[in-house]
Amino acid sequence: MKTYERIADLRAALAPARREGKSIGFVPTMGALHAGHLSLLSRARDKNDIVVMSLFVNPTQFNDPSDFKNYPRDAERDKELAAGAGCDVVFAPSREEIYPEGFDTVVTVRGLSDILEGASRPGHFAGVSTVVAKLLNIVQPARAYFGEKDYQQLQLIRRLTADLDIPAEIVACPTVREPDGLAMSSRNVRLSVEEHKAAAVLNRALSQAQNMADAGIREARVLAGAIGRMILAEPLVDLDYAVIVDRETLREVDRIDGSPIALVAASFGGVRLIDNRVLVPTSPRPRG
Ligand code: AMP
């Protein structure tokens, strides 16, 4: 596995493969790799001739400076894990390489950027869409892999690539979870044992909503209320939102007939976590 820090070097390294018509699969990350990232790498490995992973803690997407400062970083460990998952090339640029002096462009996906995570983290999605647009231009992959855990981000990137005619297929990968159901996140290492235990409520609350849907409940308000109450019953939690929204527009729905998605965001000991689950309106189970 090779590592490049300069855009020009990465482009030069990928040029021969591109000329030979080989496919490039790309996995953008901020490092602190866990099994979720590795699942994206192995999906990319299965389908592409060359797998490229970026390792860049993007400063512009952190609305909270202390979150940026405390974000876990361990490039050497990340490179070992990436190599083990079949990655061929790591792109690990400096801040100056991505945002050189005079850099003055912001890519904004309107609408999707201002709600939910965007409302709670002003500027976050402008940072995400700008860096992802840049990375997709730098790597020019046939396919780029993103996790469903960050569902709003995934939708934003789908919109961005369609609107800007970026010729990469966006591949969505299912959420990888800890044994207790907590969605894996680089931020999980900042949770205490108690906070980790408490945070597992997010997945349980989402499962409970599906159980209620299985029992025939269709009103989104009732289901979202039940999710919120279950999360709030945890002593260590600060709930931001629990909503049921359309999977495309992320606007709230009244009923779950069209398989919308439940999205939750909550902090545990100041560590902000998100999770989601598509709610399927199955027929009520026969009683007795
Ligand atoms: P990050 O390093 O947090 O920016 O994440 C890089 C990529 O990994 C994004 O596409 C995330 O959605 C994805 N990802 C993060 N956590 C998980 C997870 N638990 N399961 C699957 N994908 C994930």
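Read the numbers this way: they start at 1 and go in the same order the structure lists the ligands and their atoms.
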Indicate whether the side chain of His196 and that of Asp180 have a donor and an acceptor atom separated by less than 3.5 Å.
yes
Protein contact of atom 21 (C) of ligand 1 - nearest heavy atom, named by residue and atom, plus distance
Pro174 O, 3.4 Å
Subset of ligand 1 atoms that lie under 4.0 Å from at least one heavy atom of Leu40:
7 (C), 8 (O), 10 (O), 13 (C), 22 (N)
Identify the protein heavy atom lying closest to atom 5 (O) of ligand 1, giving its residue, its atom name and the separation to 0.1 Å.
His37 NE2, 3.4 Å
What residue and heavy atom of the protein are closest to atom 10 (O) of ligand 1, and at what distance?
Gly147 N, 2.9 Å
Going by an N to O cut-off under 4.0 Å, is there a salt bridge joining Arg121 and Asp64?
no
Tell me, please: is Pro28 in heavy-atom contact with ligand 1, that is, under 4.0 Å?
yes
Looking only at the side chains, is there a donor atom on one of Glu148 and Asn276 sitting less than 3.5 Å from an acceptor on the other?
no
Ionic contact status for Arg187 with Asp67, cut-off 4.0 Å
yes
Do any nitrogen or oxygen atoms of Met184 lie less than 3.5 angstrom from nitrogen or oxygen atoms of ligand 1?
yes
SB check Arg177 Asp275 (cutoff 4.0 Å):
yes
Closest approach of any protein heavy atom to atom 20 (N) of ligand 1, naming residue and atom:
Val176 N, 2.9 Å
Among all protein heavy atoms in this structure, tell me which lies nearest to atom 3 (O) of ligand 1, with the distance rounded to 0.1 Å.
Tyr71 OH, 3.8 Å
Just checking Arg221: does its CZ atom have more than 12 heavy atoms from other residues, nucleotides or ligands closer to it than 6.0 angstrom?
no
Are Phe26 and Tyr145 an aromatic pair by the rule of ring centers under 6.0 Å?
no
Is Arg159 salt-bridged to Glu248, going by a charged N under 4.0 Å from an acidic O?
no
Measure the distance from atom 4 (O) of ligand 1 to every protein heavy atom, then report the residue, atom name and distance (to 0.1 Å) of the closest one.
Met30 CG, 3.6 Å
Which residue owns the protein heavy atom closest to atom 11 (C) of ligand 1, what's the atom, and how far is it?
Asp150 OD2, 3.1 Å
Kindly check if the number of other-residue, nucleotide or ligand heavy atoms within 6.0 Å of CD (Glu80) is above 12?
no
Numbering the atoms of ligand 1 from 1, which are under 4.0 Å from a heavy atom of Thr29?
2 (O), 6 (C)
Quick note on ligand 1: atoms under 4.0 Å from a heavy atom of Phe146 include exactly 10 (O)
Starting from atom 17 (C) of ligand 1, which protein heavy atom do you reach first, and at what distance in Å?
His34 CE1, 3.7 Å
